[in-house]
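Reading through the structure tokens given below for one structure.
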There are 2 protein chains.
Amino acid sequence: MSDRNRVLRLSRYKNAVLRLKSLNFVKVFSDNLADATGVTASQVRKDFSIFGISGNRRGGYNVDDLLGQLNKVLGKDKLQKLIIVGVGNIGKALLNYPGFSKSEIKIVAGFDIDHTKFAPNAEIPILPLDELTNYVKKNRIEIGIIAVPDFAAEQVFGVMAEAGIKGVFNFSPIRLPERAGIVVNNLDLETELENLIYFVNCGSGNI
Amino acid sequence: MSDRNRVLRLSRYKNAVLRLKSLNFVKVFSDNLADATGVTASQVRKDFSIFGISGNRRGGYNVDDLLGQLNKVLGKDKLQKLIIVGVGNIGKALLNYPGFSKSEIKIVAGFDIDHTKFAPNAEIPILPLDELTNYVKKNRIEIGIIAVPDFAAEQVFGVMAEAGIKGVFNFSPIRLPERAGIVVNNLDLETELENLIYFVNCGSGNI
DNA sequence: TAGATTGTTAATCGATTAACAATC
DNA sequence: TAGATTGTTAATCGATTAACAATC
């Protein structure tokens, strides 16, 4: 569980380094990154050491070098091809999400069961769900996004698992069953909002 | 930080209780909830005790009673009215998100600067950003969602803060500045995907 | 060299789990 | 009552922080 937090921090370090690079920084110190992300310098160095990311004693971290190491750990050294199932409101929003095109993340195809949504010749083709297995195997896709209504989520998860998908980003509020060899990241909007509401009402400070 | 996790678990207990209620359970034990959510029974009771949620020694927890207590902590005992700024892809998806209508969460208005999006007479009115302050004050809105492009996020945050918003759900990848009295929940899709990708490539098990 | 920063080890802090007394 | 489950206290575990030796 806290491995998750550690990797999330790594993404934030990466984003901070990108910002500093755009400010023409050539090297950064653990202290800079601590300030930029709101953690301690110890934490930064500890995180780096756990992922085998190293700098120069006395000389801090070379920005380009550090960025390379961070990107490698985060899988951003190569293009990550994803598919999405469910081309409704959320699905369409993700297909057009500008944040992905900038990074090494690309949704390469969408799947649905509604034939009015099919668009096999579009830039990002929308295909029948039946074709998912073939597509995934042929294109060696490892990661899938589930953006279907509740009642369809578990079935779609099964299809993905059978097709050989290794990681699932689940936007439905359904808790998917544990399945060997598949990592699931659940993103339940209602739960996230409940969290925010709690801290607005009762708690204090930032989450 | 781990308070966040504790509240997230509370939401999961609530969802589990709802499922068990739909199965006609009248009472549940900490052990049932532990199984349903994948934590220990000790954790369930500890979490409950920290939020002042109590059951009956020997008799477990009455489902309706427990649900009432959980809903109260999570602010689901009254309707939560939200506004959203940015009626693009993500914004539209959230306006139509079916998960909210079922729960006590309702987006009551959208704001944008693009006049082609205005729809003041729609069921959920889409209004000019200029009108946000008035609307928020008049309707005592506490929570706002930011679904605008990167470059506009910080400015919109400023407008919300001035208007008296207490909690912000931020879908932009921009890290908003700390501001006294405002809670921010950042949801950066790229970061979440990087996390998933990491565990697919290097790690193992579920996140 | 002297000074400064990393990388790592030890100390602290907090969260989770185990155990058990209270009690229905 | 006997048995079972809560609520809480104590023990454990793990993550964060502090300190410092290594070294550039």
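This one's a predicted model, so the numbers in the text were calculated from it and none came from an experiment. All chains are named by letter (A, B, ...) in the order of the sequence lines, taking the proteins before the strands, and each is independently numbered beginning at 1.
- dT12(C) atom C1' lies 14 Å from atom CD of Gln43(A), rounded to whole Å.
- A straight line from CZ of Arg9(A) to C1' of dT17(D) spans 12 Å, rounded to a whole angstrom.
- Atom CZ of Arg58(B) is separated from atom P of dT1(D) by 16 Å (rounded to the nearest Å).
- Ion pairing between a basic and an acidic side chain is recognised when a charged N comes within 4.0 Å of a carboxylate O; Glu162(A) and Arg179(A) show such pairing.
- Residue Asn5(B) contributes atom CG, which lies 12 Å from atom P of dT17(C) at whole-angstrom precision.
- Within the 3.5 Å criterion, the main-chain N or O of Asp114(A) finds a donor-acceptor partner in the side chain of Asp112(A).
- For DNA chain D, if you chain together Watson-Crick or G-U pairs that step i with j, i+1 with j-1 and so on, the runs of at least three with distances under 3.5 Å are C:3-24 with D:3-24.
- Here Tyr61(B) lies in heavy-atom contact (under 4.0 Å) with sugar-phosphate atoms only.
- By the 4.0 Å N-to-carboxylate-O rule, Asp64(B) lies close enough to Lys21(B) to be salt-bridged with it.
- Look at CG on Asp47(A): it is 15 Å from P on dA18(D), rounded to the nearest Å.
- When ring centroids are compared, Phe51(A) and Tyr198(B) come within the 6.0 Å threshold.
- Residue contacts shown for Ser42(B) include a base, since a base heavy atom lies under 4.0 Å away.
- Between Ala147(B) and Phe171(B) the shortest heavy-atom distance is CA-CB, 4.5 Å.
- When all heavy atoms of Lys117(B) and Gly88(B) are compared, the closest pair comes out as NZ-CA, 4.4 Å.
- Taking every side-chain heavy atom of Arg45(B) into account, dT6(D) is the closest of dT16(C), dC24(D), dT6(D).
- One can find a donor-acceptor pair under 3.5 Å joining the base of dT6(C) and the side-chain atoms of Arg57(A).
- Atom-to-atom, NZ of Lys46(B) to C1' of dC13(D) comes out at 14 Å; the value is rounded to the nearest Å.
- Contact record, Gly75(A) with Gln80(A): O-NE2, 2.9 Å, taken as the closest heavy-atom pair.
- Under the 4.0 Å criterion applied to side-chain N and carboxylate O atoms, Lys14(A) and Glu194(B) are assigned as salt-bridge partners.
- Put simply, CZ on Phe48(B) is 15 Å from P on dT16(C), counting in whole angstrom units.
- Nearest heavy-atom pair, Val156(B) versus Leu129(B), reported as atom, atom and distance to 0.1 Å: CG2-CD2, 4.4 Å.
- Contacts between residues 14-39 of chain B and DNA chain C, defined by a heavy-atom separation under 4.0 Å, are absent.
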